[in-house]
Amino acid sequence: MLSILSVIAPIFALMAFGFGAVRFKLFPAEGIKSLIAFVNNFATPCLLFHSILTSDFRSAFNPSIIGPFYIGALICFAVGIVIAIKLFGNRPGEGVSVGFSGTFTNTVLVGLPIIQRAYGTDALPVTLSIIGLHGAILLTVGMVTMELVRRDGQPLGKTLIVAARRVLSNPLIWGIAAGFLASAINLQLIEPAEAFLTMMSQAVVPAALFGIGGALNEYRLSENWKQALVASLIKLILHPALAYILMIWVLHVPMDIARYGILLSAMPAGVNVYVFATYYQRGESVAANTILIATVASAATITAWLYVLSL
């Protein structure tokens with residue numbers, strides 16, 4: 001248990017450091033968005049490119065891990081929608097937004113640092129194989145579902161075009177595509193390029209955790225906290241439980257590999273759930289509250305999942 005706490009403590013200490021720095025005006029709140037933009041648009045694409053280029057990525061692309069992760073996510077999406085509509089009486093559009101809040105994982109700002117801290121760089125190829133599909137699959141499913149249930153929805157073809165543009169304009173996708181291309185042509189980096197990519201990759205963990213901690217100052221609990229709590233429980237408990245059942249009990253994936261996908265599924269909701277909600281102007285307060293509740297609660301739930309995965 002002490003070893004698990006030693007993994008978790010510095011991660012959430014960095015988040016708390018970022019939160020406190022912004023809360024007590026030691027770091028400008030407006031600088032947090034720029035810091036997160038640096039992580040998402042520059043540092044992480046470099047990490048993705050470098051990891052794919054220097055890893056045996058083909059062997060890491062394991063459908064027995066990727067499949068359960070996304071099957072679990074889609075089940076959580078459906079469960080969240082049903083609960084939001086049937087239990088809380090939301091309209092279908094709001095229900096989709098709430099369901100999405102319990103589905104989309106913070107794979108980059110929280111997932112990568114924790115998995116790298118817990119399992120080292122050996123976990124990166126499998127983890128990145130999931131991250132590479134994350135936005136493409138879940139954003140497309142979320143947007144298509146929203147358009148199908150909204151009475152004022154746009155034509156489905158237009159929605160697919162918008163979803164494709166959002167995916168293709170994502171710098172994370174550029175980093176992945178460049179990494180595959182470089183790997184295919186067996187690109188050999190000169191020392192200065194290797195050093196540059198290494199330094200940029202090393203910036204991801206501290207900058208991401210400090211940034212997400214600082215960003216939590218933007219969110220406040222509102223009257224929709226009960227729905228956000230349910231969405232958080234779906235994300236933090238149901239999703240990894242489904243991934244665990246499918247990988248370990250159904251597909252019999254070895255634990256030393258399956259744990260990468262299971263732990264990634266246990267990460268809190270990502271900021272894209274709020275972007276999604278504001279884009280459609282549905283369930284914005286639930287999305288914001290889910291980010292806050294899930295991120296704070298994940299300190300306990302991730303600790304618990306690390307213990308389960310160590311048995």
Which heavy atom in [X] sits nearest to a heavy atom in [Y], and how many Å separate them?
| X | Y | result |
| --- | --- | --- |
| N106 | A269 | CB-O, 3.8 Å |
| A118 | L306 | CB-CD2, 4.0 Å |
| A215 | I32 | N-CG2, 3.7 Å |
| F100 | V273 | O-CG1, 3.6 Å |
| T303 | A299 | OG1-O, 2.7 Å |
| I234 | G102 | CG2-O, 3.6 Å |

When you measure from the side chain of [X] to the backbone N and O of [Y], does any donor-acceptor pair fall under 3.5 Å?
| X | Y | result |
| --- | --- | --- |
| N217 | F19 | yes |
| Y279 | M143 | no |
| S183 | F180 | no |
| S101 | S97 | yes |
| S310 | Y307 | yes |
| S265 | I262 | yes |
| R91 | R282 | no |
| H239 | F69 | yes |
| T54 | H50 | yes |

Would M267 and T107 count as a side chain to side chain contact (heavy atoms under 4.5 Å, CB included) if you check the C-alpha gap in whole Å, the side-chain angles of each, and the deciding distance to 0.1 Å?
CA-CA 7 Å; M267 296 301 134; T107 57; over 6 Å; no

With a cut-off of 6.0 Å (strictly less than), are more than 12 heavy atoms of other residues, nucleotides or ligands near [atom1] of [X]?
| X | atom1 | value |
| --- | --- | --- |
| F38 | CZ | yes |
| R23 | CZ | no |
| F17 | CZ | no |

Joint hydrophobic cluster, [X] plus [Y], side-chain heavy atoms closer than 4.5 Å:
| X | Y | result |
| --- | --- | --- |
| I71 | I137 | yes |
| I190 | M200 | no |
| V82 | V96 | no |
| W305 | W249 | yes |
| V39 | V275 | no |

Any side-chain donor-acceptor pair under 3.5 Å between [X] and [Y]?
| X | Y | answer |
| --- | --- | --- |
| T290 | K235 | no |
| Y280 | E147 | yes |
| Q227 | N289 | no |

Reported [atom1]-to-[atom2] distance for the pair [X] and [Y], which is rounded to 0.5 angstrom:
| X | Y | atom1 | atom2 | value |
| --- | --- | --- | --- | --- |
| I115 | D122 | CD1 | CG | 13.0 Å |
| N272 | T105 | CG | OG1 | 11.0 Å |
| L48 | I176 | CG | CD1 | 5.0 Å |
| S201 | F49 | OG | CZ | 10.5 Å |
| L197 | C46 | CG | SG | 5.5 Å |
| L53 | E194 | CG | CD | 8.0 Å |

Side chain to side chain contact (heavy atoms under 4.5 Å, CB included) assessment of L216 paired with T295: CA-CA 9 Å; L216 290 179; T295 303; 3.9 Å; yes

Got [X] and [Y] here, is their nearest side-chain heavy-atom distance under 4.5 Å?
| X | Y | answer |
| --- | --- | --- |
| P68 | L242 | no |
| N224 | F88 | no |
| I131 | L112 | yes |
| I114 | L263 | yes |
| V141 | L74 | yes |
| Q202 | L47 | no |
| L139 | H134 | no |
| L238 | L233 | no |

Exercise. So F104 and F77, ring pair (Phe, Tyr, Trp, His ring centres under 6.0 Å) or not? Walk me through it.
Worked result: CA-CA 9 Å; F104 200 92; F77 186 43; over 10 Å; no

TODO: Show your working on side chain to side chain contact (heavy atoms under 4.5 Å, CB included) between I65 and Y260 and close with a plain yes or no.
DONE: CA-CA 8 Å; I65 297 176; Y260 306 150; 5.7 Å; no

The single option from I36, V271, N40 that satisfies side-chain contact (heavy atoms from CB on, under 4.5 Å) with V108 is N40

Working note: Y119 + D256, criterion side chain to side chain contact (heavy atoms under 4.5 Å, CB included); need CA distance, chi angles, decisive distance, verdict. CA-CA 10 Å; Y119 301 126; D256 60 347; over 6 Å; no

